[in-house]
Number of protein chains: 2
Amino acid sequence: MAQRRPTLPPALTRGHDHHQCVHDALVEAERLCAGRDVRLTELRKRVLELIWASHAPVGAYAIMDLLRGEGRNAMPPTVYRALDFLLEQRLIHRIASLNAYIGCTHPGDRHAMQYLICKTCGTVAEIDNPAIDEAIAVTTGGLGFAPDSQTLEVSGICRDCRDAAR
Amino acid sequence: MAQRRPTLPPALTRGHDHHQCVHDALVEAERLCAGRDVRLTELRKRVLELIWASHAPVGAYAIMDLLRGEGRNAMPPTVYRALDFLLEQRLIHRIASLNAYIGCTHPGDRHAMQYLICKTCGTVAEIDNPAIDEAIAVTTGGLGFAPDSQTLEVSGICRDCRDAAR
DNA sequence: CACATATTTGTTATATTATAACACTGTTGA
DNA sequence: TCAACAGTGTTATAATATAACAAATATGTG
């Protein structure tokens with residue numbers, strides 16, 4: 001098994017082409033859904049795009065307002081059903097401590113959720129450190145606990161905000 | 001600095017004296033609050049006791065119902081304020097993925113939240129594995145991210161429930 | 001003790017997040 | 001063509017949490 005290197009979180013990658021980044025995420029989503037034989041409908045795709053467009057976690061009701069802003073008469077179930085689909089397909093994640101949703105940066109491979117949440121600017125960075133997973137596996141294994149999903153949400157202040165504060 | 005050994009979570013310790021365990025938690029809470037010069041009032045103490053008595057995470061509205069059951073006319077703010085106090089004093093933790101609260105098993109020392117949540121029986125085990133903290137510290141340090149709080153919530157099936165299923 | 005102050009609790013109202021239930025529409029395949 | 005199913009619309013409501021202000025209780029000081 002190839003060792004994964006910790007990925008540099010997009011939100012911490014200054015000056016990236018955000019438009020391109022959203023586009024790539026949509027293309028990848030199309031590809032994955034086609035391969036899984038599930039339908040990335042217009043609505044689902046639009047919700048995914050709105051989530052990616054912010055690059056920060058978005059609440060369900062914020063998404064609803066955005067949809068309404070474009071003339072669609074969106075009610076909560078409409079949004080939540082789209083979110084449920086995207087969550088199931090692991091194209092987005094839910095950040096429980098924020099009641100908000102964010103695009104998954106590597107939706108192809110099943111993986112644990114690991115997030116750094118900046119309290120100051122609100123950006124969230126998805127990290128991917130195998131060492132964390134291993135440490136968790138040691139503990140769960142020792143206790144006979146069979147994990148099937150997890151979320152790690154670290155709240156703090158990102159480098160940019162710390163630099164700006166000085 | 002002394003190396004902490006992973007603690008055996010109370011919920012996974014079969015046959016423990018639960019009454020004693022609740023009592024100990026309350027005594028420890030009294031001690032900590034006295035030392036910190038904050039007031040563990042009757043209401044706050046009762047809420048803490050109700051949370052400990054369940055040994056599984058309890059929702060705010062469940063606590064409200066319990067208080068009402070004993071004649072107290074509890075409204076949401078009453079409960080949430082008590083919860084806020086207990087959270088601030090780190091006598092309880094909030095499990096974001098469940099919108100529920102649970103007693104902290106070692107409230108004396110500031111520590112990261114690490115929980116194993118059994119989907120079958122609903123019990124939650126607080127774990128304390130320094131290796132997880134270290135792995136997280138490596139990543140946050142490398143990214144210049146200054147963490148100040150975190151939650152790790154692992155959902156799965158505990159040993160007892162797996163054994164019972166066979 | 002008496003009083004001023006601050007803390008805690010009560011009360012009313014409302015915000016925020018999420019789901020249930022059922023009707024309608026569109027897509028797919030026989 | 002039409003039966004079956006998946007997806008979306010619509011109405012209502014559940015579950016979780018907070019704002020704002022009033023009343024009660026505790027604490028420190030003269």
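This is a predicted model, so every value here is computed, not measured.
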**Request:** Round to a whole Å and report the spacing from CD of Glu42(A) to C1' of dG9(D).
**Result:** 17 Å
**Request:** Establish, with yes or no, whether the OP1 or OP2 oxygen of dT9(C) is under 4.0 angstrom from a side-chain nitrogen or oxygen of Arg44(B).
**Result:** yes
**Asked** Between dT7(C) atom P and Leu40(B) atom CG, what is the distance in whole Å?
**Response** 17 Å
**Message:** Just the rounded figure in Å: distance from C1' of dT9(C) to CG of Leu83(B).
**Reply:** 14 Å
**His18(B) atom NE2: more than 12 heavy-atom contacts under 6.0 Å** = yes
**Asked** Any donor-acceptor pair under 3.5 Å linking the side chain of Arg44(B) with the backbone of Arg39(B)?
**Response** yes
**Request:** For Arg72(A), enumerate each residue passing the side-chain contact (heavy atoms from CB on, under 4.5 Å) test, keeping only those at least two apart in sequence or located in another chain.
**Result:** Leu43(A), Leu67(A)
**Message:** If I take atom CG in residue Asp37(A) and atom P in nucleotide dG7(D), what distance separates them, rounded to the nearest angstrom?
**Reply:** 11 Å
**Complete:** In B/S/- notation (B base, S sugar-phosphate only, - none; protein heavy atoms under 4.0 Å), nucleotides 16-26 of chain D written 5' to 3' is BBBBB-----S
**Prompt:** For dT7(C), does either OP1 or OP2 sit under 4.0 Å from a side-chain N or O belonging to Thr41(B)?
**Reply:** no
**Prompt:** Hey, is the main chain of Ala146(A) close enough, under 3.5 Å, to the side chain of Arg162(B) for a donor-acceptor pair?
**Reply:** no
**Prompt:** Going by the angle between their ring planes, with limits at 30° and 60°, are His111(B) and His106(B) parallel, tilted or perpendicular?
**Reply:** parallel
**Asked** Counting only N and O atoms by type, is there a donor-acceptor contact under 3.5 Å from the side chain of Gln114(B) to the main-chain atoms of Asn129(B)?
**Response** yes
**Asked** When the distance from CD of Glu88(B) to P of dT7(C) is rounded to whole Å, what number comes out?
**Response** 13 Å
**Item:** Euclidean distance, atom CE of residue Met64(A) to atom C1' of dT10(D) [Å, nearest integer]
**Value:** 13 Å
**Prompt:** Any side chain to side chain donor-acceptor pair (under 3.5 Å) pairs touching residues 141-152 of chain A, not counting sequence neighbours?
**Reply:** Asp148(A)-Lys119(B), Thr151(A)-Glu153(A)
**Message:** Between C1' on dG9(D) and CZ on Arg68(A), what's the gap in Å once rounded to a whole number?
**Reply:** 12 Å
**Request:** Look at the side-chain N and O atoms of Thr78(B) and state whether any lies under 4.0 Å from the OP1 or OP2 oxygen of dT9(C).
**Result:** no
**Message:** I need the CG-P distance between Leu43(A) and dA6(D), as an integer number of Å.
**Reply:** 17 Å
